[in-house]
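Every chain is numbered from 1, with letters handed out A, B, ... down the list of sequences. When reading the values below, keep in mind they use all heavy atoms of this one structure, side chains included, and skip hydrogens, waters and symmetry mates.
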Amino acid sequence: MNGAQHILEAFHRHDISTVFGYPGGCIMPLYDALVDDVGVEHVLCRHEQGCALAADGYARASGRLGVCIATSGPGATNLITGVANAHRDSIPMLVITGQVPSGLIGTDAFQETDVLGMTLGIVKHSYLVDDADALPAIMHEAIELAQSGRPGPVWIDIPKDLLLTDVTEAPFAQSTQQATSNPDLTEALAMLRAARKPLLYSGGGISLAHAEDSFRTFAESSAMPAVVTLKGIGNPGKHNPYNLGMLGMHGSRAANKAVDECDLLLVIGARLDDRATGKLDGFAPNAKMIHIDADAAEINKLRPADLAIRGDLNDILTALTTALQDRPLAIGDWQKQCRTWYTTAGFHAADNEEALAPITGPAFIRQLSRVAPDDTVIACDVGQHQMWVAQHYEFDHPRHHLTSGGLGTMGFGLPAAIGAQFADRNSTVINVTGDGSFMMNAQELATIRRYNLPVKLVVMDNQCLGMVRQQQELFYNNRESQINLDDNPDFVAMARAFDIPALHIERTDQIRRGIETILAYNGPMLLHVAISREENVWPIVKPGASNTDMIDETARTAKASKEQVA
Amino acid sequence: MNPQSQPSTPSYTINCRMTHEAAALERLCQVVRIRGFRIATMAVETADEHLNIALTLEGTRPIAMLQSQLEKLHTVAEVVLGSGSVARSRSA
Ligand SMILES: Cc1ncc(C[n+]2csc(CCOP(=O)(O)OP(=O)(O)O)c2C)c(N)n1
Ligand SMILES: [Mg+2]
């Protein structure tokens with residue numbers, strides 16, 4: 001068995017059935033081995049960035065390891081954005097690249113790049129294989145490492161000659177499963193019981209730890225008001241009466257208000273990112289903080305915790321639920337207050353009653369949320385449309401919402417949707433994208449067609465880079481710079497060129513029919529939604545400002561854009 | 001950017017033991033730099049499978065934050081903060 005065959009053998013052993021890749025010179029031995037292999041489905045994307053982001057979407061939707069493969073040089077550099085995206089959102093990923101033959105490394109050989117060196121900052125760990133016999137141990141370790149603790153991408157760069165060298169498999173030390181933790185929660189419970197206004201603050205760490213169920217049980221049984229980060233959306237479930245939705249820069253006034261007023265913040269699986277907290281000085285000024293996370297390095301990183309608990313989130317949440325069982329928290333007044341905020345200052349975009357009126361982003365997303373089946377996966381791109389999804393789509397599970405949080409990668413949505421569809425061929429997967437983002441990985445329409453994936457594409461076309469335009473309007477004196485896209489291609493014709501049917505809508509009365517049509521169609525279909533160029537995402541906190549200084553549309557029209565409206 | 005430290009930049013000594021693999025020092029230096037510290041001195045010794053690295057670092061951020069980031073590196077076995085870590089002036 002040579003190195004290439006061994007890699008496929010390791011895939012089998014670890015139950016890896018789907019990989020995303022693109023061939024080329026130095027990785028050819030692996031592609032040669034794939035010809036014989038029937039157990040691994042190799043998905044050919046049309047750009048290596050598409051491969052990496054599809055592997056990322058696959059991992060997010062399924063909770064399993066995402067795998068991507070590319071050749072040396074340009075293949076590897078094209079992967080980088082996708083791997084960085086996975087790194088910033090702690091997505092379990094295995095990256096395999098071919099490298100120039102061992103003897104040519106360091107000679108500026110054709111398609112040589114220092115992949116190990118240039119990716120140090122975007123991997124959890126990486127290897128340059130220098131001995132074929134080391135490959136079995138490396139494959140095993142890499143696959144475990146990518147998925148354990150705080151997950152992340154692990155990159156294996158392997159010279160072409162080693163892919164062709166016979167591998168003798170020596171026994172190697174297998175890492176042992178981590179023992180379940182038995183955390184001491186006495187102090188946390190005392191703080192929870194002492195608090196009058198405790199608030200649950202959860203992030204992407206919940207689904208990374210596969211702790212969705214234990215989180216939901218805890219949230220429901222404690223009945224604590226809850227806010228979520230962008231990646232925590234869906235954690236409390238859409239029927240939790242105390243779910244205040246997303247906090248932060250484009251969060252709801254209700255969520256930010258609750259953070260401002262709470263006296264105890266229970267942070268679980270979140271890293272207090274600046275988009276969520278706003279200016280740290282003004283963040284949860286009256287609250288003690290309990291920080292629960294798998295990663296010790298997140299504790300005290302940005303805001304010191306009054307109590308930190310590091311460990312397995314499942315164990316901790318289950319133990320907390322049990323401990324609170326006999327005696328619920330006495331927080332009736334606080335719950336009532338938060339419900340009131342939710343009613344008066346949550347996200348409740350009104351449906352536009354005027355049939356002939358232009359479509360607004362929020363109204364469209366609310367309709368989509370109502371019409372799409374319950375377990376629909378939405379893969380977002382980056383921009384205003386992404387925030388409208390976060391604000392107005394009602395998610396019942398965090399794995400239904402795929403969004404590029406840490407890196408904010410335009411072009412994420414389409415390949416991520418492809419990955420999600422491979423994770424479950426029967427699920428409904430919708431890529432909600434913008435006219436800017438769509439063009440960043442539009443080549444992947446060919447992948448959708450090739451594998452006949454029933455992915456639905458919704459292009460919210462405001463003829464501009466809307467999110468940038470909004471900030472130019474609000475924070476740069478409306479001096480528009482390089483955001484105009486009014487010469488976009490005809491997206492309907494473009495989809496059809498890939499043999500994907502498409503539909504255009506522009507009026508409110510067409511929304512429902514449009515959504516129903518693409519959902520009913522047995523195959524991929526694109527919905528082109530023309531929306532106003534001038535629309536903004538509300539509310540917004542100026543980057544660097546405090547979350548209590550939210551700006552609303554009323555503030556804009558009153559030309560008092562920097563003043564807070566009470 | 002500025003080669004001269006502010007006079008009051010705190011200085012720390014740390015000792016790091018990590019697996020002796022090709023990219024070991026690069027990994028270490030990369031984390032030190034991105035987390036806000038500068039290397040003033042560095043001594044490296046090989047001991048079997050490991051490297052022992054003694055560093056003097058300067059930076060205004062909490063050193064505990066760097067320590068926890070270094071400990072996250074898969075190949076780092078141990079990071080020990082030296083007792084002589086005190087604020088000192090550059091000229092001292
Ligand atoms: C790869 C990349 N380049 C640039 C940006 C900066 N950026 C953030 S949002 C945005 C505009 C996105 O435009 P579009 O996809 O049309 O979405 P809209 O905001 O109009 O809904 C840009 C350029 C980014 N996030 N990612
Ligand atoms: Mg746009």
What donor-acceptor contacts under 3.5 Å connect chain B and chain A, backbone and side chains included?
unit_1, atom_1, unit_2, atom_2, d
B/Arg27, NH1, A/Ser126, OG, 3.0
B/Arg27, NH2, A/Ser126, O, 2.8
B/Lys72, NZ, A/Asp295, OD2, 2.6
B/His74, NE2, A/Glu141, OE1, 3.4
B/His74, NE2, A/Glu141, OE2, 3.4

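Heavy atoms closer than 4.5 Å to chain B are found in the side chain of A/Leu116, but not in its backbone. For A/Leu145, the part sitting under 4.5 Å from any heavy atom of chain B is the side chain, from C-beta outward, and nothing else.
Evaluation of the side chain to side chain donor-acceptor pair (under 3.5 Å) rule for B/Thr41 yields B/Thr56 as partners, not counting sequence neighbours. Taking B/Leu55 as the reference, B/Ile14, B/Leu28, B/Ile39, B/Met42, B/Ile53, B/Leu57 meet the side-chain contact (heavy atoms from CB on, under 4.5 Å) condition, with sequence neighbours excluded. For the side-chain contact (heavy atoms from CB on, under 4.5 Å) test, residues two or more places apart in sequence or in another chain that qualify with B/Ala77 are B/Arg17, B/His50.
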